[in-house]
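All remarks here apply to the structure that follows.
The structure presented is a predicted model; accordingly, all values stated were derived computationally and were not measured.
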Amino acid sequence: MPTVKTRINITLSKAAEIILYKPAKRDDMPVATKARELLQFAIEMEEDQMWDKMATVRDEKDSKFITHDQAWV
């Protein structure tokens with residue numbers, strides 16, 4: 001059956017395999033599903049770091065602030 005989801009093949013070390021297997025078993029889900037869940041979490045953390053870096057660059061000492069209402073005029 002064809003799927004629209006992208007599939008990737010990865011090779012894990014034995015330690016990573018064990019670390020992935022235990023929480024998958026605990027949560028009663030397939031290892032691949034747990035891997036997808038953890039990968040999504042890592043991607044979200046990476047995105048948060050990117051937004052934080054952008055905000056830090058913009059957050060200068062003499063920045064001018066405006067109210068929410070002023071921003072939507």
Could you list who else is in [X]'s hydrophobic cluster, with ILVMFWY side chains joined at under 4.5 Å, directly or through other members?
| X | answer |
| --- | --- |
| Met50 | Trp51, Met54 |
| Ile43 | Leu39 |
| Ile10 | Ile8, Leu12, Leu20, Tyr21, Val31, Leu38 |

### Pairs meeting criterion salt bridge (charged side-chain N to carboxylate O under 4.0 Å, His left out) with involvement of residues 39-48, two or more places apart
none
### Qualifying salt bridge (charged side-chain N to carboxylate O under 4.0 Å, His left out) pairs, either residue in residues 30-39, two or more places apart
Asp27-Lys34, Lys34-Glu37
### Query
Counting only heavy atoms not in Arg26, do more than 12 fall under 6.0 Å of its CZ?
yes
### Query
Partners of Thr11 by side chain to side chain contact (heavy atoms under 4.5 Å, CB included), sequence neighbours excluded?
none
#### Entry: Partners meeting salt bridge (charged side-chain N to carboxylate O under 4.0 Å, His left out) with Lys14 (sequence neighbours left out)
Glu17
### Query
How many angstroms lie between atom CD1 of Ile19 and atom OG of Ser13, to the nearest 0.5 angstrom?
7.0 Å
### Task
Taking Thr56 for its side chain and Asp52 for its backbone only, find out whether a donor-acceptor pair lies under 3.5 Å.
yes
List the atom pairs, with distances to 0.1 Å, where a side-chain N or O of residues 66-73 and a protein N or O form a donor-acceptor pair under 3.5 Å, not counting sequence neighbours.
| from | atom 1 | to | atom 2 | distance (Å) |
| --- | --- | --- | --- | --- |
| Thr67 | OG1 | Gln70 | N | 3.1 |
| Thr67 | OG1 | Gln70 | OE1 | 3.4 |
| His68 | NE2 | Trp72 | NE1 | 3.3 |
| Gln70 | OE1 | Thr67 | N | 2.7 |

